[in-house]
Amino acid sequence: MAKQQLEAIEHVLQFLEESGFSASLTTLEKESGLKCSKSGGKKAGYLLSALGVYQEYLNPKGENKEKKLDREIEDHLVNPKGGKLKLVSQGISTPAEHKKNVIDVRFCTRSGCENIVASADFGSRIEMRDITTSKSTVIDGLIKPPVLTMDFSKESNLLAVGCMDGSHFLVDTGIQDAKNLGKTEVSPKIVQFFDKHGKYVNRVRWNEAGTAFATCSYDKEVRIYQPRNKTFGIAERFMFRRGVACIEWGNGSNSHILYVSLQEDNYIHSIDTKAMKKGDRYNMNSFEDDHVSFSALDLRCSYDGKYLLVGTDKDRYQQVWVRVGLGFEYEAS
């Protein structure tokens, strides 16, 4: 029996075992001389996934009802008011003061500072620049380890920073509004250090209200920080079974929900920060199986809090819309 034929039978055996067809499973095992692997983690759901890929190959341009619904949802998210889209900007190129690779870029969302963008490089240099005036303030030498992630508070001058060595801290940027940029009296300083994560800090993110922030790391931990007197302290720690790749706060009625993606995992997990407990999880596979074909490396929540845009790894960039607002999920890639 050819190797490819053996693999096909193994996948069918796994499917029968997963679906509970014990009699058919016993018959096929007897006739083929093969045994179903009870662990079978890598083969779980493989058959259904393969059939889905094959169907797309047979009908690449076709659009069934599910695909049409997915496209309509994406159109709504991109252009919720409908009609002809207007060009917002031709794009802006600003001069950079970085001498090493830029690792992270974040816009400030605070009122009066929306045109300020922070960029951090591998040499731990952070530049905050007004993209309309090109005025800038540079943080250089204040932070030693390479900066991997940053995020501005929406309600204060604070910039949360996470680094490659697991360290993370709060920096008072000293910027009241865009007019302060470039002035000599602006002197950013670190106002609070925190206990290190065991590995890289992959994300640090403020919630919508600016009243809490969260960090995550490949050490499998997510931390929630909330105000304590005039400082911030750990409100809760959450451990997951794999390294945490990304976190993202919800919006609107889901603004208290923190979404979590793990390495080599087909689910988006969630944390309810009001109840301080783990919440629902959302399967990114359209067949709702547990086959893992990619890792979710980046998450972005829609303006209404109902959807997550997921960026994945591997040799392609795949976009997956995951519906989270109404308690069920599906995939649209």
| said: Is it the case that over 12 heavy atoms from other parts of the model lie below 6.0 angstrom from the NZ atom of Lys199? | reply: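 Incorrect, the count does not exceed 12.
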| said: Tell me whether the count of non-hydrogen atoms from other residues, nucleotides or ligands lying under 6.0 Å of CZ in Phe122 goes above 12. | reply: no
| query | Do the ring centers of Phe213 and His168 come within less than 6.0 Å of each other? | reply | no
Check whether any side-chain N or O of [X] sits under 3.5 Å from a backbone N or O of [Y] as a donor-acceptor pair, and report yes or no.
{"X": "Glu10", "Y": "Ala8", "answer": "no"}
{"X": "Asp130", "Y": "Thr132", "answer": "yes"}
{"X": "Thr273", "Y": "His256", "answer": "yes"}
{"X": "Gln192", "Y": "Phe232", "answer": "yes"}
{"X": "Asp151", "Y": "Trp206", "answer": "yes"}
{"X": "Asp298", "Y": "Gly311", "answer": "no"}
{"X": "Ser261", "Y": "Ala296", "answer": "yes"}
{"X": "Asn202", "Y": "Val244", "answer": "yes"}

| request: Walk me through it: do Thr173 and Thr137 pass the test side-chain contact (heavy atoms from CB on, under 4.5 Å)? | output: CA-CA 9 Å; Thr173 63; Thr137 292; over 6 Å; no
| request: Assess whether side-chain contact (heavy atoms from CB on, under 4.5 Å) is satisfied between Cys246 and Tyr259, documenting all intermediate values. | output: CA-CA 8 Å; Cys246 186; Tyr259 298 103; over 6 Å; no
Hey, could you give me the [atom1]/[atom2] distance between [X] and [Y], rounded to the nearest 0.5 Å?
{"X": "Arg106", "Y": "Ile126", "atom1": "CZ", "atom2": "CD1", "answer": "13.0 Å"}
{"X": "Lys35", "Y": "Leu25", "atom1": "NZ", "atom2": "CG", "answer": "8.5 Å"}
{"X": "Arg129", "Y": "Lys135", "atom1": "CZ", "atom2": "NZ", "answer": "12.0 Å"}
{"X": "Thr149", "Y": "Tyr200", "atom1": "OG1", "atom2": "OH", "answer": "14.5 Å"}

| query | Does the side chain of Asn283 pick up a donor-acceptor pair with the side chain of Asn266 at under 3.5 Å? | reply | yes
| Asp165 bridged to Lys144 by N-O distance under 4.0 Å |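 Answer for the salt bridge query: no.
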| request: Check step by step if side-chain contact (heavy atoms from CB on, under 4.5 Å) holds for Met128 and Ile139. | output: CA-CA 8 Å; Met128 295 174 290; Ile139 302 175; 3.9 Å; yes
| task | Can you sort out the partners of Glu248 under salt bridge (charged side-chain N to carboxylate O under 4.0 Å, His left out), two or more places apart, ordered by chain and number? | result |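 Salt bridge (charged side-chain N to carboxylate O under 4.0 Å, His left out) list for Glu248, sorted by chain: Arg300.
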